[in-house]
Amino acid sequence: MEPDRADVLALYERYLACCNEHRFEDLGEFVSEQVSGSGPVDGLAAYVEGVEAVCIAFPDYRWEPQHLVIEGDTIAVRLTGRGTHTGSFSGIAPTGRTISTQELVMYRVADGKIAQCWGDLYPVVRDALTASATS
């Protein structure tokens, strides 16, 4: 049985608020222990580490959904992100620049939690930093 659309939307909204509030220790409330997807390592600890790395490098980073589609157990969302680069990110030393990004992410929900996540956050942020450095 597919999850109710309203339940999936509510889960995602709470999850995104948790990310934007940088409450990394609470992400397990929304993300499965066995989460898999676009990172090199699966599992909740690696997932949290990836989100945390963005927020360490960009302490004011926030995600804002622009378009969101829910179909059954799948969420597709286009997000804009914005933050100031004050810490090292993916081998790039702090630049002090504020970047704005556009990210595409797909999630699959199972048993009331995000079980899979595929997104392009890291390459999008790296590209924004590289483009800013040459501008």
Side-chain angles (χ1 to χ4, degrees):
M1 181 174 180
E2 286 189 355
D4 180 70
R5 184 186 189 288
D7 292 342
V8 172
L9 179 59
L11 169 76
Y12 184 73
E13 288 173 339
R14 291 190 319 272
Y15 159 78
L16 193 58
C18 186
C19 290
N20 281 334
E21 293 164 6
H22 301 181
R23 292 185 291 116
F24 312 115
E25 68 281 359
D26 295 336
L27 283 173
E29 181 181 333
F30 312 100
V31 180
S32 168
E33 279 288 334
Q34 295 80 31
V35 66
S36 65
S38 53
V41 178
D42 292 337
L44 179 60
Y47 189 94
V48 170
E49 191 175 290
V51 174
E52 193 171 20
V54 173
C55 297
I56 288 170
F58 301 86
D60 58 345
Y61 203 87
R62 288 191 51 83
W63 291 267
E64 296 293 331
Q66 302 302 311
H67 291 95
L68 188 136
V69 177
I70 297 172
E71 184 175 304
D73 64 356
T74 303
I75 304 166
V77 61
R78 182 177 68 87
L79 299 153
T80 55
R82 184 173 175 83
T84 307
H85 185 215
T86 61
S88 181
F89 179 80
S90 200
I92 302 171
T95 63
R97 293 184 183 98
T98 298
I99 63 165
S100 183
T101 62
Q102 179 174 256
E103 174 188 3
L104 300 172
V105 189
M106 292 193 66
Y107 304 90
R108 188 180 65 76
V109 175
D111 299 321
K113 291 189 176 189
I114 295 168
Q116 292 180 300
C117 174
W118 305 274
D120 59 358
L121 176 63
Y122 271 67
V124 165
V125 171
R126 276 193 308 268
D127 288 352
L129 287 172
T130 302
S132 295
T134 60
S135 298

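From a predicted model like this one, the values you see are computed outputs, not experimental measurements.
Residue-environment remark: CD (Glu21) exceeds the threshold of 12 foreign heavy atoms within 6.0 Å. Glu71 CD: 12 or fewer foreign heavy atoms inside a 6.0 Å radius. A 6.0 Å sphere centred on CG of Asp111 holds no more than 12 heavy atoms belonging to other residues, nucleotides or ligands.
With a 4.5 Å cut-off on side-chain heavy atoms, Phe24 and Ile56 do not count as touching. The closest side-chain heavy-atom distance from Thr74 to Met106 is below 4.5 Å. At a threshold of 4.5 Å between non-hydrogen side-chain atoms, the residues Val109 and Asp7 do not count as touching. Side-chain contact between Val77 and Trp63: absent, with no pair of heavy atoms (C-beta onward) separated by less than 4.5 Å.
The nearest pair of heavy atoms linking Pro3 to Gly72 is CG-O, 4.0 Å. Contact record, Ala57 with Ser88: CB-O, 3.4 Å, taken as the closest heavy-atom pair. The minimum heavy-atom distance linking Thr84 with Asp60 is given by the pair N-OD1, 2.6 Å. Ile114 and Cys117 get closest at one heavy-atom pair: CG2-CB, 4.4 Å. Smallest separation of non-hydrogen atoms from Lys113 and Gly28: NZ-O, 2.7 Å. For the pair Asp26 and Cys18, the tightest heavy-atom approach, listed with the atom from each and the gap, is CB-SG, 3.7 Å.
Once rounded to the nearest 0.5 Å, the distance linking CG of Leu11 with CD of Glu13 reads 10.0 Å. Within the model, atoms CG of Leu9 and CZ of Arg14 stand 10.0 Å from one another, a figure rounded to the nearest 0.5 Å. Atom CG in Leu79 sits 11.5 Å away from atom CZ in Arg62 (nearest 0.5 Å). Between the CG atom in Leu121 and the CZ atom in Arg126 there is a gap of 9.5 Å [rounded to 0.5 Å].
The backbone N or O of Ala110 lies less than 3.5 Å from no partner atom in the side chain of Asp73, so there is not a single donor-acceptor pair. Distance alone, capped at 3.5 Å, places no donor-acceptor pair between the Thr101 side chain and the Glu103 backbone.
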Does the side-chain contact (heavy atoms from CB on, under 4.5 Å) test come out yes or no for Ile75 and Leu68, once each step is laid out?
CA-CA 7 Å; Ile75 304 166; Leu68 188 136; 4.2 Å; yes

Test Ile70 against Tyr12 for side-chain contact (heavy atoms from CB on, under 4.5 Å), laying out the working first.
CA-CA 10 Å; Ile70 297 172; Tyr12 184 73; over 6 Å; no

side-chain contact (heavy atoms from CB on, under 4.5 Å) evaluation trace for His85 with Ile99
CA-CA 8 Å; His85 185 215; Ile99 63 165; 5.6 Å; no

Between Arg82 and Thr98, does a side-chain contact (heavy atoms from CB on, under 4.5 Å) hold up when you go through it step by step?
CA-CA 7 Å; Arg82 184 173 175 83; Thr98 298; 3.7 Å; yes

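Remark: Phe89 engages Phe58, Tyr122 in a ring pair (Phe, Tyr, Trp, His ring centres under 6.0 Å) (not counting sequence neighbours). Here Glu33 pairs with nothing under the salt bridge (Lys or Arg N to Asp or Glu O under 4.0 Å) rule; sequence neighbours left out.
Grouping the Ile, Leu, Val, Met, Phe, Trp and Tyr side chains by contacts below 4.5 angstrom, directly or via other members, places Trp118 apart from Tyr107. Hydrophobic clustering, with ILVMFWY side chains joined whenever heavy atoms are under 4.5 angstrom apart, groups Val8 together with Leu16.
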